[in-house]
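Scroll down for the structure; my scribbles are underneath it.
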Amino acid sequence: MIPIARPLIGDEEKAAVMAVLESGQLAQGSRVAEFERRFAERCGTVFAVATSSGTTALHLALLAHGIGPGDEVITTSFSFIATANSVLFTGAKPVFADIDPATYNLDVDHVARLITPRTKAVIPVHLYGHPADMGPLMELATQHGLAVVEDACQAHGARYRERTVGTFGAGCFSFYPTKNMTSGEGGMVTTNDEMIVERLRMLRQHGMNRQYHHEMLGFNFRLTDLQAAVGVAQLDKLDDWTAARIANGGYYTTHLPQEVAPMVRSDCEHVYHQYTLRIPGDRDQAVALLAERGVQARVYYPMPIHKQPFYQDMGYHDQLPHAERASHQVLSIPVHPSITAEERSQVVQAVNEVLELVSV
Ligand SMILES: *Cc1c(COP(=O)(O)O)cnc(C)c1O
């Protein structure tokens, strides 16, 4: 079976972890500082603050912008649940805008219609590694004084109009094993704002600004040096891996029917965290038929967040037709850097066969 994701751990990662173990400095130490410095440099921001996961990066980024009870935060329902849950963690209310069906990212016109006096922030998600439409979104945010927290958990290194994602607002990244680079678990917030950085550093460590002096209620959302050492080694390889993802994605797009292939805006660089097809037939059957042909396909995501049981319990009864339709039609195929040329053509053959069988 060609797996949908395959974390790549080499000798560099192993040696880096051993060096940390031998150093005796295991958490929030010099490797974490190095990872932050290197990650900020890679994104082109002044600062980066490491956290324990992408989820805690989002949570702290919102808190650092003063988001809390009584506030509304507009985001997409077609994402991993952590995006909206991070808003709930602060006591604020997630408000869902629909998506642009071509890119699966926030429909900025719908965002504009949802703004109220309570709206304090917006969270665009660069879903599958394709940047959200940051130009009009930043304009809207500036006009209404909204904080922008980018969920870039799937989009390490992706570019919108030549600019790396995570540099428009506060950028939140994940290093979970299936992401474009990993540290096991881990997260990062990128920003150019010194005041936000100060708050992030306090919030991740019990609100502490100097030894045992606590300015605010904080958390333990620290990263370990073991994880940071892996992260630094992975960062060295990220550009090569991204190039391989883009090459694999390009290969699929030339060998699959245009109407099922993902769209890439001409002003964007897609980093193909996922290569996502839209199936014009029985999508779930397509997943099963691909598995029979040795290709692991996965659905990200089969249910939009507002349809999840506990969001329904909270009273979310939005109608978001594009998000809902996408959740029934999308399917992602393996695009990660470790698939071989042979596997790539096997995937293409399997998908073309399956499309014949399920198309209506
Ligand atoms: C993975 C992911 C997260 C959460 O990251 P974790 O490191 O798993 O906490 C948030 N948003 C999106 C879009 C993701 O893909």
Side-chain angles (χ1 to χ4, degrees), residues 4-5 7 32 35 39 48-63 73-90 94 96-97 99 103-106 121-132 134 148-158 165-166 168-190 200 203-204 219-224 226-228 230-231 234-235 245 262 270-276 298-306 308 311 323 326-327 330 332 335-336:
I4 188 73
V32 172
F35 189 27
F39 199 82
V49 177
T51 66
S52 54
S53 69
T55 305
T56 56
L58 287 161
H59 181 183
L60 293 193
L62 291 167
L63 288 176
V73 177
I74 302 174
T75 189
T76 166
S77 180
F78 194 56
S79 181
F80 181 52
I81 194 134
T83 309
N85 283 359
S86 68
V87 178
L88 293 177
F89 297 152
T90 70
F96 297 113
I99 54 168
T103 64
Y104 305 105
N105 285 323
L106 270 183
V122 55
I123 311 179
V125 179
H126 308 298
L127 198 72
Y128 305 140
H130 188 297
M134 295 310 291
V148 176
V149 172
E150 298 175 65
D151 183 338
C153 288
Q154 303 187 354
H156 314 69
V165 302
F168 293 87
C172 298
F173 293 85
S174 165
F175 308 116
Y176 185 72
T178 58
K179 308 289 162 135
N180 288 25
M181 60 175 282
T182 186
S183 61
E185 293 273 8
M188 194 74 82
V189 184
T190 52
L200 289 168
L203 284 164
R204 86 172 152 189
F219 304 85
N220 173 0
F221 287 165
R222 292 183 300 258
L223 193 69
T224 66
L226 297 162
Q227 294 165 310
V230 175
Q234 296 255 310
L235 196 52
R245 284 177 183 275
H270 193 334
V271 294
Y272 292 107
H273 171 61
Q274 299 297 345
Y275 188 92
T276 302
R298 277 283 163 85
V299 175
Y300 306 103
Y301 295 89
M303 188 187 279
I305 298 171
H306 71 284
Q308 295 289 344
Y311 277 80
S327 72
V330 295
S332 300
V335 72
H336 50 81

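Each ligand, and each atom within it, is numbered from 1 in the order the structure gives. Please read all numbers here as calculations on a predicted model, not as lab measurements.
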- Message: Is there a polar contact between ligand 1 and Glu185, counting only N or O atoms under 3.5 Å apart?
- Response: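 So ligand 1 has no N or O lying under 3.5 Å from an N or O of Glu185.
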Review point. So is there a nitrogen or oxygen of Ser174 less than 3.5 Å from a nitrogen or oxygen in ligand 1?
Key: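 Yes, Ser174 has an N/O under 3.5 Å of an N/O on ligand 1.
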Using a 4.0 Å cutoff against the non-hydrogen atoms of [X], which atoms of ligand 1 qualify?
| X | result |
| --- | --- |
| Thr83 | 11 (N) |
| Ser79 | 13 (C) |
| Ser53 | 7 (O), 9 (O) |
| Ala82 | 4 (C), 10 (C) |

Quiz prompt | Exercise: identify the closest heavy-atom pair between Phe173 and Ala152 | solution =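 Scanning both residues, the minimum pair turns out to be CD2-O, 3.4 Å.
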#### Entry: atom 4 (C) of ligand 1 - nearest protein heavy atom and its distance
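For atom 4 (C) of ligand 1, the nearest protein heavy atom comes out as Thr55 OG1, 3.6 Å.
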For atom 1 (C) of ligand 1, what's the nearest protein heavy atom and its distance?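 In this structure, atom 1 (C) of ligand 1 has Lys179 NZ, 1.5 Å as its nearest protein heavy atom.
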Would you say the ring centroid of Phe89 lies under 6.0 angstrom from that of Phe219?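 Between Phe89 and Phe219, the centre distance exceeds or equals 6.0 Å.
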Does the gap between the ring centers of Tyr104 and His130 come in under 6.0 Å?
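For Tyr104 and His130, the ring centres are not under 6.0 Å apart.
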### Task
Kindly identify the option in Gly54, Cys153, Ser52 whose heavy atom sits closest to atom 3 (C) of ligand 1.
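Result: the heavy atom closest to atom 3 (C) of ligand 1 is in Cys153.
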- Message: So is Gly187 touching ligand 1 or not, going by heavy atoms under 4.0 Å?
- Response: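 Judged by the 4.0 Å heavy-atom criterion, Gly187 does not count as contacting ligand 1.
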Min heavy-atom dist His273 to ligand 1 below 4.0 Å
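In this structure, His273 fails to qualify as a contact of ligand 1 - no heavy atom is under 4.0 Å.
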On the 0 to 90° scale, with breaks at 30° and 60°, tag the His156-Phe39 ring pair as parallel, tilted or perpendicular.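 His156 vs Phe39 ring planes: perpendicular.
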Exercise for review: Give me the ring orientation class for Tyr301 and Phe78: parallel if the planes are under 30° apart, tilted from 30 to 60°, perpendicular past 60°.
Suggested key: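 Perpendicular: the ring planes of Tyr301 and Phe78 meet at over 60°.
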- Message: I'd like to know if the side chain of Glu150 and the backbone of Gly166 have a donor-acceptor N/O pair within less than 3.5 Å.
- Response: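 A pair under 3.5 Å: yes.
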Practice prompt. Could you tell me whether a side-chain N or O of Arg245 sits under 3.5 Å from a main-chain N or O of Tyr272, the two making a donor and an acceptor?
Written response: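 The answer is yes, because a donor-acceptor pair under 3.5 Å joins these two groups.
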Task: Which segment of Asp151 sits under 4.0 Å of ligand 1 when only heavy atoms are counted - done: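 Asp151 to ligand 1: side-chain contact only, backbone stays beyond 4.0 Å.
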### Query
What residues, two or more places apart in sequence or in another chain, satisfy side-chain contact (heavy atoms from CB on, under 4.5 Å) together with Ala82?
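Residues passing side-chain contact (heavy atoms from CB on, under 4.5 Å) with Ala82: Thr55, Phe80.
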